[in-house]
Undergrad: 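Pasting a structure below so you can have a look.
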Amino acid sequence: MVVTVVLWASAFVAIRHLGEDFAPGSMALGRLAVGALALGAVAWRAHHRTPLARPTGPQWRALILIGLLWYALYMVALNEGERRVDAGTAALLIQISPVLIAVLAALVLDEPFTRRLAVGLALAFAGVAVIALGGRAGEAGGPAAALDVVGVLLCLVSAAAYAVSLVVQKTLAARLPAVQVTWVACTIGALALLPFAPVLVHDLRAAPASSIWWLVYLGLFPTAVAFTTYAVALQHLTASRLGVTTYAVPVVTIVLSAVLLGEAPPTVAYLGGALALVGVAVARRS
């Protein structure tokens, strides 16, 4: 989980940096293509040592859902969202996903749904409202670091896609190898984004070499490595408990964003993000 947290935090910064050179869809396709190729090589070597499992019909449906939601929709929505809000704010917004995961886990995985969870859910979404409405007020009042409401909503779409996918993937954790799940889902996501291939070709021709290497980094480390380590961790922790371990992502993201991009979330994002994280903490307190 330490590997996952650090690499995912760096992804928010890399996405923000690449927003000027790659469109949201082409960035997602390039990232997934690199990740799928790298994971395919690892899966091929693993298959020669221990044959990979053959997914059943329900498992294939789960893999397709994960690929479409977590690898395709999540990444395109987040890429577009980070064109409108800074990396730290995006990371804060994604962190309401542990509450969504807890609700879904209660509905799907028979994990307990408590009054504390309901209160935490209300606090988390109140924090999101503070971020969104505060950004709108800043925009109306002048140049005070306004947040784009559409960007906030796109980040929430990513959070919801992540939450649903994690709960679905938990049903596969004990049945399929982590590398296989990550590789197949990543490949499905890349195939779903093939309509963006012409845009990716155009962006690759126009982008500087440094941005292309950042795109390769996104595919190899925050995707191939981090999604696999997350899948491994999912085999040993409950879905809701695993979601809580990503609390550190916004902190690492804000530090990296300040150092590498020279930007930080506006004050309203800190306030709303703190309220959202308090809600998550209340929801998951044992």
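Values in this document were obtained by computation on a predicted structure and should not be read as measured data. Scope of the values below: all heavy atoms of this structure, side chains included, with no hydrogens, waters or symmetry mates.
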Undergrad: If I compare all heavy atoms of Cys186 with all of Ala36, which pair ends up nearest, and what's the gap?
TA: SG-N, 3.5 Å
Undergrad: Do Phe221 and Met1 sit in the same hydrophobic cluster, where Ile, Leu, Val, Met, Phe, Trp and Tyr count as joined when their side-chain heavy atoms come under 4.5 Å apart?
TA: yes
Undergrad: Under a 3.5 Å distance rule, please check whether Thr229 uses its side chain to pair with a backbone N or O of Val225 as donor and acceptor.
TA: yes
Undergrad: Walk me through it: do Leu215 and Leu204 pass the test side-chain contact (heavy atoms from CB on, under 4.5 Å)?
TA: CA-CA 10 Å; Leu215 185 64; Leu204 286 171; 4.3 Å; yes
Undergrad: Do Val157 and Leu153 make a side-chain contact, defined as non-hydrogen atoms from C-beta onward lying under 4.5 Å apart?
TA: no
Undergrad: Does Ser158 reach the main-chain N or O of Leu78 with its side chain, forming a donor-acceptor pair under 3.5 Å?
TA: yes
Undergrad: Taking Glu20 first and then Arg83, would you say they form a salt bridge - that is, a charged N and a carboxylate O separated by under 4.0 Å?
TA: no
Undergrad: Under the 3.5 angstrom rule, does the side chain of Arg16 hit a backbone N or O of Val85 as a donor-acceptor pair?
TA: yes
Undergrad: Which of parallel (below 30°), tilted (30 to 60°) and perpendicular (above 60°) describes Tyr230 and Trp8?
TA: tilted
Undergrad: Quick one, Thr228 and Val181 - any side-chain contact, counting heavy atoms below 4.5 Å?
TA: no
Undergrad: Do Val184 and Leu191 sit in the same hydrophobic cluster, where Ile, Leu, Val, Met, Phe, Trp and Tyr count as joined when their side-chain heavy atoms come under 4.5 Å apart?
TA: yes
Undergrad: Would you confirm whether Asp21, through its side chain, and Pro208, through its main-chain N or O, come within 3.5 Å as a donor-acceptor pair?
TA: no
Undergrad: Can you measure from CG (Leu18) to CZ (Arg31) and round to the nearest 0.5 angstrom?
TA: 10.0 Å
Undergrad: Can Leu100 and Val167 be said to form a side-chain contact (heavy atoms from CB on, under 4.5 Å), step by step?
TA: CA-CA 10 Å; Leu100 301 178; Val167 174; over 6 Å; no
Undergrad: Hey, does the side chain of Arg175 reach the backbone of Thr171 with a donor-acceptor pair shorter than 3.5 angstrom?
TA: yes
Undergrad: Is the closest side-chain heavy-atom distance between Ile66 and Leu172 below 4.5 Å?
TA: yes
Undergrad: On a heavy-atom basis, which atom in Ala33 and which in Ala190 lie closest, and how many Å separate them?
TA: N-CB, 4.4 Å
Undergrad: Assess the residue pair Leu68 and Leu73 against the criterion (side-chain contact (heavy atoms from CB on, under 4.5 Å)); give the C-alpha distance rounded to whole Å, side-chain angles, the decisive distance to 0.1 Å, and a yes or no.
TA: CA-CA 6 Å; Leu68 294 178; Leu73 176 62; over 6 Å; no
Undergrad: Val201, Phe196: one ILVMFWY side-chain cluster at the under-4.5 Å cut-off?
TA: no
Undergrad: Hey, what do you get for CH2 (Trp214) to CE (Met27), rounding to the nearest 0.5 Å?
TA: 12.0 Å
Undergrad: To check you understand the geometry: which heavy-atom pair defines the closest contact between Ser211 and His17, and what is its length?
TA: OG-NE2, 4.3 Å
Undergrad: With a 4.5 Å limit on heavy-atom distance, are the side chains of Pro24 and Glu82 in contact?
TA: no
Undergrad: CD of Glu263 to CG of Asp86: how many Å apart, nearest 0.5 Å?
TA: 5.0 Å
Undergrad: Hydrogens and angles aside, do Thr187 and Tyr71 bring a side-chain donor and acceptor to less than 3.5 Å of each other?
TA: no
Undergrad: Please give me the minimum heavy-atom distance between Ala38 and Ala224, naming the atom from each residue.
TA: CB-CB, 4.2 Å
Undergrad: Is a donor on one side and an acceptor on the other found under 3.5 Å between the side chain of Thr253 and the backbone of Val249?
TA: yes
Undergrad: Determine whether a donor-acceptor pair (N or O, by modelled atom type, separation under 3.5 Å) exists between the side chain of Thr223 and the backbone of Leu220.
TA: no
Undergrad: So do Phe227 and Val179 actually touch side chain to side chain, heavy atoms under 4.5 Å?
TA: no
Undergrad: Is the shortest heavy-atom distance from the side chain of Gln59 to the side chain of Thr56 under 4.5 Å?
TA: yes
Undergrad: First locate atom CG of Leu271, then atom CG of Leu92, and finally report the distance between them rounded to the nearest 0.5 Å.
TA: 11.0 Å
Undergrad: I want to check something: taking the side chain as every heavy atom from C-beta on, are Trp70 and Leu65 in contact at a cut-off of under 4.5 Å?
TA: no
Undergrad: Run the side-chain contact (heavy atoms from CB on, under 4.5 Å) test on Ser10 and Leu256 for me, step by step, so that the C-alpha distance in whole Å, both residues' side-chain angles and the decisive distance to 0.1 Å come before the verdict.
TA: CA-CA 7 Å; Ser10 71; Leu256 291 176; 4.1 Å; yes
Undergrad: Keeping Gln169 on the side-chain end and Leu166 on the backbone end, is there a donor-acceptor pair under 3.5 Å?
TA: no
Undergrad: For residues Ala226 and Pro222, report the shortest heavy-atom separation together with the two atoms involved.
TA: CB-O, 3.3 Å
Undergrad: Has the side chain of Thr182 got a donor or acceptor atom that lies under 3.5 Å from a matching backbone atom of Ala178?
TA: yes
Undergrad: Please tell me if the side chains of Leu218 and Val34 come closer than 4.5 Å, counting only heavy atoms from C-beta onward.
TA: no
Undergrad: Is there a chain of hydrophobic side chains (I, L, V, M, F, W, Y, each step under 4.5 Å between heavy atoms) that links Val6 to Val232?
TA: no
Undergrad: So, for Asn79 and Ala28, which heavy atoms are closest and what is the spacing to 0.1 Å?
TA: ND2-N, 3.4 Å
Undergrad: Do Trp213 and Tyr217 sit in one hydrophobic cluster, given that two such residues count as connected whenever their side-chain heavy atoms are within less than 4.5 Å of each other, even indirectly?
TA: yes
